[in-house]
Amino acid sequence: MSVRTRFAPSPTGYLHIGGVRTALFNWLFARRHGGRFILRIDDTDRERNVEAALRPILDGFRWLGIDWDEGPEVGGPYAPYYQSQRTERYRAAVRELLDRGLAYRDYATTDETTAEREAAQREKRRFIYSRRWMAETDADAARFEGEGRTAVVRLKMPRESACRFEDAVRGPVAFDWALEQDHVIQRADGSHLYHLASAVDDHDFAISHVIRAEEHLSNTPRQIFIADGFGYELPRYAHLPYVAAPGGSEKLSKRKLGKYLTQVDFKKVFDHGAEIMASLGREVVPETFNPVLVEFYREVGYRPDALVNYLLLLGWSLDDRTEDFTRDEMVEHFSLQRVNRSAASFDPQKMMAFEERRMNALPVDRKVEAVSPYLVRLGLLGAEPTAAERARIEAVAVAAGDRIKVAGDIVRYAEFFQDDAGFPYDEKAFRKRIGAPDAADRLRRFRPVLETVEPFDAATLDAALQRFVEAEGIRIGQIIHALRVAVTGKGVGFGLFEALEILGRAACLARIDRALAAVDAGPGAD
RNA sequence: GUCCCCAUCGUCCAGAGGCCUAGGAUCCAGCCCUUUCAAGGCUGAGACACGGGUUCGAAUCCCGUUGGGGACGCCA
């Protein structure tokens, strides 16, 4: 049997981390077994803007390197893959279920079913529809219609025995049929519901393994009922534990951003991203800028492989120590047997740890490539950087080293790409370091050294400063901080001598002069 | 409320009866390194929810309790 898995997003306009994890496991399983991964669009419930609402989802998957063999934009032998385009098929399926006596027309009004549901609630029993307005014959139907009622179609679920199946993750599962609802599969307006569509599509698309989130576990009996009704061979089911909220155990939800932000770890990651966005002058809207959504990581410049690697380990493991996987290794080792049964809470800090490792391991040229778009967005770099510009980006990237954790962190080193007269000073650092007693004078005395030192490279500069410090009889800390603030505008940064070398002699001198002029102009100036 | 599921360090995982005085990662703390910030090195703190069984022996099996969660739609 050939392996075919699917992920079925509904076009909501965003790609949720939990969804990605589910999709990833489907993708890995298909790749592991030389099968196909299918993207099916569950858009039975919405009409318009499907394309627009799908865009971020498809883009997100592409960014993550999760490609699909069949589905939107790539087509496939079972097209169309949009449920909204398959209504004829569903209509026929409903007709057949009706003919086989596995479904019935139901003429209850919404108020009537609601009343029954509430009564059941009061009596502390599970709500099972009474079938009072069930029409199994045309005569019944005509009578109800005479009363001005309209019909929905419900599944006529068994009222005895149990639905048993073997779940690849959870083992043997059993549900009492008598506790199953007569689910509606066709609305009064003739449109179809998810369970019908899903069961039919899984068969039509020849899905071999339905790997989905745990919240669908209790939906499984009704889908099995439908599939069995048609005599379809059942797919193998695998219900994944859901991804839980940071520091909590309820399902991760995009809407609870505010709550998650009260969690320090989560907030740290969010703030880090928000800071980068602020530097870029981009407004941060929770609709998309939210660590629960893939969009966040893409915007801020995480490595897609880091996200994928982290998500892989959320509910799955190979052994007691392997954590870093290449894509090929993931595919090679993935198995449903090693999927966990309990919910795993999303930990953005650990996610960041994977990101740091990936970013560190990235070859310089790839790092330059990753980082450049942010400089372009800052307006500090043209779309086609010159060789000199590339060289400078590379020098900064190398000097910054692991301080660049996400690609967007390059904005912290904007001063290397800004004009000598225009880059900003951190006021607090300026006051503390250059405003310190004698700091400006020392800078002034050190300036000639910078003018003459040859060559103008980090090692030589280092030695020259050492000599200066000895001659002055001061500690290195008494000049180095002032120098850093003068040339970079900041109190923190990577190695000072590297910074000087990258800027070059002319820029260093110009920047020191500017800082000294600011001091002379008095407090508050520049 | 009903049904179902889950239960090892704060978090993610390892553990499928003796290898466990419970291992790794992350986070946290301290120290070292150091011109700042990172990183790195070293050290440390930190868990088998509880109660009964079964067994020579239980984190591992069974039952119960407690706790957490999911599903109960003319949503997907």
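Within every chain, numbering begins at 1; the chains are lettered A, B, ... in the order of the sequence lines, protein sequences first and strands thereafter.
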Asker: Are His239(A) and the base of rG70(B) stacked, counting only ring centres nearer than 5.5 Å and planes tilted under 30°?
Answerer: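 One would not call His239(A) stacked on the rG70(B) base.
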Asker: For Asp319(A), is there an ion pair with Arg321(A) - N to carboxylate O distance below 4.0 angstrom?
Answerer: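 No.
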Asker: Which nucleotide, in any strand shown, forms a Watson-Crick or G-U wobble pair with rA7(B), with both distances under 3.5 Å?
Answerer: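 rU66(B) is the nucleotide pairing with rA7(B).
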Asker: Any strand counts, and the cut-off is 3.5 Å on both contacts for Watson-Crick or G-U wobble. Which nucleotide pairs with rA39(B)?
Answerer: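 When the pairing criteria are applied, nothing turns out to pair with rA39(B), so the answer is none.
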Asker: Using the C1' atom on both, measure rA25(B) against rC9(B) and round to a whole Å.
Answerer: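 Roughly 12 Å separates the two C1' atoms.
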Asker: Counting only side-chain heavy atoms from C-beta out, which of rG15(B), rC74(B), rA71(B) sits nearest to Lys251(A)?
Answerer: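 It is rA71(B).
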Asker: Name the closest nucleotide to the Ala188(A) side chain, picking from rC12(B), rC74(B), rA76(B).
Answerer: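 So the side chain of Ala188(A) is nearest to rC74(B).
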Asker: For Thr110(A) and Ser317(A), take the nucleotide of RNA chain B holding the closest heavy atom to each; which residue's nucleotide lies nearer the 5' end?
Answerer: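 Closer to the 5' end of RNA chain B: Ser317(A).
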Asker: Would you kindly give the CD-to-C1' distance between Glu214(A) and rG68(B), to the nearest whole Å?
Answerer: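 Taking atom C1' of rG68(B) as the reference, CD of Glu214(A) is at 12 Å.
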Asker: Quick one: Met359(A) CE to rA39(B) P, roughly how many Å, whole number?
Answerer: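 That distance rounds to 15 Å.
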Asker: Rounded to whole angstrom units, what separation is found between the CD atom of Gln349(A) and the C1' atom of rU11(B)?
Answerer: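 Rounded to whole Å, this separation is 10 Å.
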Asker: Go ahead and name the base partner of rU60(B); Watson-Crick or wobble counts if both distances stay under 3.5 Å, otherwise write none.
Answerer: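 Its partner: none found.
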Asker: Ring-plane angle category for His183(A) and His195(A), please: parallel below 30°, perpendicular beyond 60°, tilted otherwise.
Answerer: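 Tilted.
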Asker: Please check if any side-chain donor atom of Asp43(A) sits under 3.5 Å from a side-chain acceptor atom of Gln83(A), or the reverse.
Answerer: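 The answer is no; no qualifying pair exists.
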Asker: Let me know which of Thr113(A), Asp106(A), Asp182(A) forms a side-chain hydrogen bond (donor to acceptor under 3.5 Å, both in side chains) with Tyr129(A).
Answerer: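 That would be Asp106(A); it is the only one of Thr113(A), Asp106(A), Asp182(A) passing the side-chain hydrogen bond (donor to acceptor under 3.5 Å, both in side chains) with Tyr129(A).
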Asker: Find the distance Lys350(A):NZ to rG24(B):C1' and express it as a whole number of Å.
Answerer: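 After rounding, the reported distance stands at 8 Å.
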Asker: What distance, rounded to whole Å, do you find between the two C1' atoms, one in rC50(B) and one in rU11(B)?
Answerer: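 rC50(B) and rU11(B) have their C1' atoms separated by 23 Å.
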Asker: What integer number of Å spans the P atoms of rC5(B) and rG64(B)?
Answerer: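 Straight-line distance between the two P atoms is 12 Å.
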